[in-house]
Number of protein chains: 2
Amino acid sequence: MEIQPKLDSASSIAAVERDTGISKDTLRVWERRYGFPVPERDASGDRLYPADQVEKLRLIRRLIDQGKRPAKIIGASSEALLAMIEVANTPRQAAAADTSMLQYVRLHRGAELAAALRQALLKQGLQRFAAETVAPLNEAIGEAWMRGEIDVPEEHLYTEQVQNVLRGAIGAHAGVGTRPRVLLTTFPDEEHVLGLLMVEATLVAEGACCLSLGTRTPLPDLRTAAIDGGFDVVGLSFSAAYPSRQAIDDLLQLRMTLPATIAIWAGGEAVKGKEKRLPGIRIVSSLADSVNALTEWRAAHLA
Amino acid sequence: MEIQPKLDSASSIAAVERDTGISKDTLRVWERRYGFPVPERDASGDRLYPADQVEKLRLIRRLIDQGKRPAKIIGASSEALLAMIEVANTPRQAAAADTSMLQYVRLHRGAELAAALRQALLKQGLQRFAAETVAPLNEAIGEAWMRGEIDVPEEHLYTEQVQNVLRGAIGAHAGVGTRPRVLLTTFPDEEHVLGLLMVEATLVAEGACCLSLGTRTPLPDLRTAAIDGGFDVVGLSFSAAYPSRQAIDDLLQLRMTLPATIAIWAGGEAVKGKEKRLPGIRIVSSLADSVNALTEWRAAHLA
DNA sequence: ATCCTTTTTTTGTCCAGGACAAAGACCATG
DNA sequence: CATGGTCTTTGTCCTGGACAAAAAAAGGAT
């Protein structure tokens, strides 16, 4: 006589794609090949994934991001998968990141995190704050994510607070009319914004005139904006998730479409050490190196 | 003897989906039903969309967003489509938005836009800045977008600068330990962040203790974060693009999963005027109304 | 051993063409 | 006018097959 409330209602294939980042095509082909997931069906034959299968898919996604192959892990139980994630507990120490801030993220202490970040900013100044606090923290968060110690909402919380602090500071430096004029953005498949903000903070602190278009700018629009806006440099940021191969192709294509007078700087994991394959593009290996790039540019272009 | 550089190289179906927002399935079914687009094929039979077809698809997408039906417009030429967009030139005036700021956006004048925004903030204070400058500007930008007067990079530029100013101001207000504690975010299909930031600015200025998770928080995570964090209110923001029907379903589901002691506030075009269908949820009709909601909550919960 | 090249396997994306339900347009009736 | 019912349009999902890019394994040379 109980009416079953649909609390953990099953998800459509579109919702699963959204929540796990695994495409519909891939979900169907996994079902065909490996026998998982095997969703239920609604009245009209559409797949309905129960919550526990979605949860397992999220675990699988993480392990694949760590380099595991689907065929090897997809048959394992959720418990076994969790164990595999924990085994990956990296031996290398969590960098030089401030562990108290990491704790705030883990415990959802947004207000305390914001306060700690602001204090660090005041103490270190914008440039050192970006290089010595945000960058290591970023790395530590990335590792904690891999290890499964933090989840979507913790990462959101972290990103929000860092953005608040960095953007506030960037605004306060508003340099106008200085050189070089740097246009910052990412390619359409890259949606991580923090790398971009860290570079903007670093360059603005050096007196460059930065303009960020945020993430995901289509290539033709980027070309137009760079030329019409009279920019000297276009800066692109790549996260570790960006396929190295595609980064190189995209950068070379951009190099062709932009006049040689506009420099291209690229930074992030995906392009690290690829100088040889990227003629005409300045690879920026770290935040500190972006300052070098700036100095070089000024030496070459400002009498 | 010329080597043809692939400047306007054709795009894969995945790239077209990314750039136009039209799904692969829809692209294929349009081709089948209406005879457009008809892409070329590569060596292995995969679709390759030339740049001009992609451009036309972007026009079509805009007109559909304005309420046109595919069958009626998909056969028209690019010129005819452009004319239709311009005909839609709304008669109603561009709200009370500052036209000089709008000009800065059109002309890619990022630095000037930032300066003007900061000046307005100083003059008006955070709350009036959000309600009287950002909100009308948002609307004006939305209309200009519909009319085809601005494009992707202009909107990116605008969003970036407003974020810089709003986030800086929000950070400066950092109220800790006050009540109510408000958790702000959007549902997984909503990615517009400005509405959220405007609410956060308004509430923070009233001394509420706000925490934003940014956009696209999965429902189970939202539930956990709200309960574990001891929040009094969960605030959701919806843009005009969010399907009204889905907004209602999602909100009702969230209402079921949250304890009655946690209030839900929802704002934005998609929920405007739906009070009747959303029992137990406070519809916030404007930024000013969010202050009302705050006052009501305090009257009811703080002795 | 280590490094580089070639073959084999794995894996994600794409294709065709059919089906269906939700949303929109249309129409008749209160 | 509004309101409810029918017809049309439209986007999403389905099956099952194919293929190329990436990864792994195997082979060979230094």
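Computed from a prediction, not measured in an experiment: that's the story for all the values here. Proteins come first, then strands; the chains are lettered A, B, ... in the order of their sequence lines, and each starts at number 1.
A salt bridge does not link B/Glu31 to B/Arg28: none of the charged side-chain nitrogens sits closer than 4.0 Å to a carboxylate oxygen. With salt bridges taken as basic N to acidic carboxylate O contacts below 4.0 Å, one links A/Asp189 and B/Arg18. Between A/Arg245 and A/Asp250 there is no salt bridge, since no side-chain nitrogen of the basic residue lies less than 4.0 Å from a carboxylate oxygen of the acidic one. Under the 4.0 Å criterion applied to side-chain N and carboxylate O atoms, A/Glu55 and A/Arg62 are not assigned as salt-bridge partners.
For the pair B/Glu269 and B/Ala240, the tightest heavy-atom approach, listed with the atom from each and the gap, is CB-CA, 3.5 Å. Closest approach of B/Phe187 to B/Leu254, counting heavy atoms only: CZ-CD2, 4.2 Å.
With sequence neighbours left out, the side chain to side chain donor-acceptor pair (under 3.5 Å) criterion links B/Asp25 to no other residue.
Of the candidate nucleotides D/dT10, C/dC14, D/dC13, D/dT10 has the atom lying nearest to any side-chain atom of B/Ala71.
Put simply, CG on A/Leu27 is 13 Å from P on D/dT15, counting in whole angstrom units. In this structure, the CG atom of B/Asp65 is 15 Å from the P atom of D/dT10, given to the nearest Å. Spacing between atom CD of B/Glu31 and atom P of C/dG17 amounts to 11 Å, rounded to whole angstrom units. Rounded to whole Å, the distance from CG on A/Asp42 to P on D/dT12 is 16 Å. To the nearest angstrom, P of C/dT10 lies 18 Å from NZ of A/Lys68. Following rounding to the nearest Å, B/Asp25 (CG) and C/dG17 (P) show an atom-to-atom distance of 15 Å. Rounding to whole angstrom units, CG of residue A/Leu48 and P of D/dT12 are separated by 17 Å. Summarising the geometry, the separation between CZ on B/Arg47 and C1' on C/dC15 is reported as 7 Å, rounded to the nearest angstrom.
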What protein N or O atoms touch nucleotides 18-26 of chain D N or O atoms at under 3.5 angstrom, if any, and at what distances?
{"unit_1": "D/dA23", "atom_1": "O3'", "unit_2": "A/Arg69", "atom_2": "NH1", "d": "3.0"}

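The side chain of B/Arg28 contributes no N or O atom lying less than 4.0 Å from OP1 or OP2 of C/dA16. Phosphate contact (OP1/OP2 of C/dT13, side-chain N/O of A/Ser23, threshold under 4.0 Å): present. Note on B/Arg41: a side-chain N or O is less than 4.0 Å away from OP1 or OP2 of C/dA16. For A/Lys24 and D/dT12, the shortest distance from a side-chain N or O to OP1 or OP2 is not below 4.0 Å. One finds a side-chain N or O of B/Tyr34 lying less than 4.0 angstrom from the OP1 or OP2 phosphate oxygen of D/dT10.
Comparing the end axes of the helix from C/dA1-D/dT30 to C/dG30-D/dC1, each fitted to five base pairs by superposing C1' atoms of four pairs onto the next four, gives an inter-axis angle of 40° (nearest 10 degrees).
With 3.5 Å as the limit, one finds no donor-acceptor pair spanning the side chains of A/Asp19 and A/Tyr49.
For the side chain to side chain contact (heavy atoms under 4.5 Å, CB included) with A/Thr159, the qualifying choice from A/Leu197, A/Asn138, A/Leu194 is A/Leu194, the only one to do so.
In terms of position on DNA chain D, the residue among B/Ile64 and A/Ile13 whose nearest nucleotide sits closer to the 5' end is B/Ile64.
Once rounded to the nearest 0.5 Å, the distance linking CD of A/Glu190 with OG of A/Ser237 reads 6.0 Å.
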